[in-house]
Amino acid sequence: KKQNITRKNLAVTRKVEKRKLSIKDPKIKKIYTKFKAVIFKKIKKKSFALAVSGGSDSLCLAYFCKMYASEFKNKIHVLIVDHKLRKESHKEALKVKEILKLKGIQSKVLSWKGEIPRSNIQRNARNIRYSLISNYCSKKNIRFLITAHHTDDQIENFFIRLLRGSGLTGLSSMAESVNYNTNLKIVRPFLSFKKIDLKYITLNFFKTYIKDPSNEDEKFLRVRIRKYRRNMEKEGLGTVKIIKTVNNLLSASKALDFYKKKALFKYVSFLPKNRCSINTQIFSNEAGEIIFKSISDILSLVSGTYYPPRSKKIVSLIERVKKTKFNKSTLGGCVIEKKDNFILISKEQKLRKIPFQQGK
């Protein structure tokens, strides 16, 4: 009898949860259908993780992922990162957890226990976030991470990199899916959606979201760019034109990736213990952009970080490596040495003292 009551309670709980997650709004249903098509193409019924900050974008992602997992029976891991960058961060992480719980979405807070960075805050916070999440995914054997990057993020990244003088790789910005490392793929199903639409969905379902104070702080370039965009839109440089440019650059970048892979196969040997060897013939036989892409990828793979060093630093390294007097240098958590006709790249052991560059 007790078992029958338990089953009955479970059935009632599932029924209530299903009712909570049903979509009646036609606008939300249309966006979810597009989201579902992207996720199914990449993940199907496999388990996955998603990162939730508590902002309107990530809460919308949590809602849609819960819908998808309910429909296809995926096991999902909803992860909240407490960077410890502000004294309120732990309290905010718990608040996000509570917002999710009220809608039947279970989550886990990952707390940073290393040194707190005091410079390049946003870049280092991003490295901390990916380090914690990727380590968690590795332990749980999760091969997919879903993020809430959207159209507005794509445009902001384009202008940030344009102002920094990035080349084709940087300007082409984010793809719908990309390998974070050999074991984890990042999927971005919101790249064709606007922030305003994600906010609409979140307020419709959760009725609230967490506002990040840094989003209003003009000391951050990303915040200033949001204000520049309003002026550019008045001059006719709107979202559609910028995204078209980004997509064209991404298409060209993918074509170059084909030749980069051939160059890596021909000139590069990956060795045990996070090391690799590069035949110096690559510098005389390949085009500049292929060399740049190859070195950029190698630095990320060897160091274990997703984002490579900035373009100008990689270009400077390549120019120094080409010189006969080059002996040894460090960049992006890697040690670069020249031995006869080969460049040896290995992981810098001092990385342990730099918390925001652990893992990815």
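Residues L50 and V52 form a side-chain contact, since some pair of their non-hydrogen atoms from C-beta on lies under 4.5 Å apart. Looking only at side-chain heavy atoms (C-beta outward), V335 and I345 stay at 4.5 Å or farther from each other. Counting heavy atoms from C-beta on, the side chains of I336 and L317 come closer than 4.5 Å. Inter-residue side-chain proximity for K95 and I210 is flagged as met; some heavy-atom pair is nearer than 4.5 Å. Counting heavy atoms from C-beta outward, C334 and V302 have side chains that approach closer than 4.5 Å.
With Y32 as the partner, the ring pair (Phe, Tyr, Trp, His ring centres under 6.0 Å) test is satisfied by one option alone out of Y63, F64, F193: F64.
Following chains of ILVMFWY side-chain contacts shorter than 4.5 Å, one cannot reach M174 starting from I243, and the two form parts of different hydrophobic clusters. Under a hydrophobic-cluster definition in which Ile, Leu, Val, Met, Phe, Trp and Tyr are linked whenever side-chain heavy atoms come within less than 4.5 Å, directly or via other members, M67 and Y200 are assigned to the same cluster.
Between the side chains of K185 and N179, at least one donor N or O sits under 3.5 Å from an acceptor N or O. One side chain, S329 or R320, offers a donor N or O that lies under 3.5 Å from an acceptor on the other. In summary, the side chains of T239 and R229 do present a donor paired with an acceptor at a separation below 3.5 Å, with no hydrogens or angles considered. Between S269 and S277, the side chains place no donor N or O within less than 3.5 Å of an acceptor N or O (distance only, hydrogens not considered). In summary, the side chains of S56 and K211 do not present any donor paired with an acceptor at a separation below 3.5 Å, with no hydrogens or angles considered.
Residues E176 and K41 are paired through a salt bridge, judged by an N-O separation under 4.0 Å between the basic side chain and the carboxylate. K194 and D197 are not joined by a salt bridge, as no carboxylate oxygen comes within less than 4.0 angstrom of a charged side-chain nitrogen. In this structure, E71 pairs ionically with K36, as a charged nitrogen and a carboxylate oxygen lie closer than 4.0 Å.
A donor-acceptor pair under 3.5 Å links the side-chain atoms of D153 to the main chain of H150, judged by distance alone.
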inquiry  = Checking D257 against K254 for the salt bridge (charged side-chain N to carboxylate O under 4.0 Å, His left out) test, could you report, in this order, the C-alpha distance in whole Å, the side-chain angles of both residues, the deciding distance, and whether it holds?
reply    = CA-CA 5 Å; D257 276 339; K254 286 180 178 178; over 6 Å; no
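For F72 and Y68, the ring centers are positioned less than 6.0 Å apart. The aromatic ring centres of F48 and H77 sit 6.0 Å or more apart.
Looking at residues two or more places apart in sequence or on another chain, you find a side-chain contact (heavy atoms from CB on, under 4.5 Å) between R310 and R123, R164.
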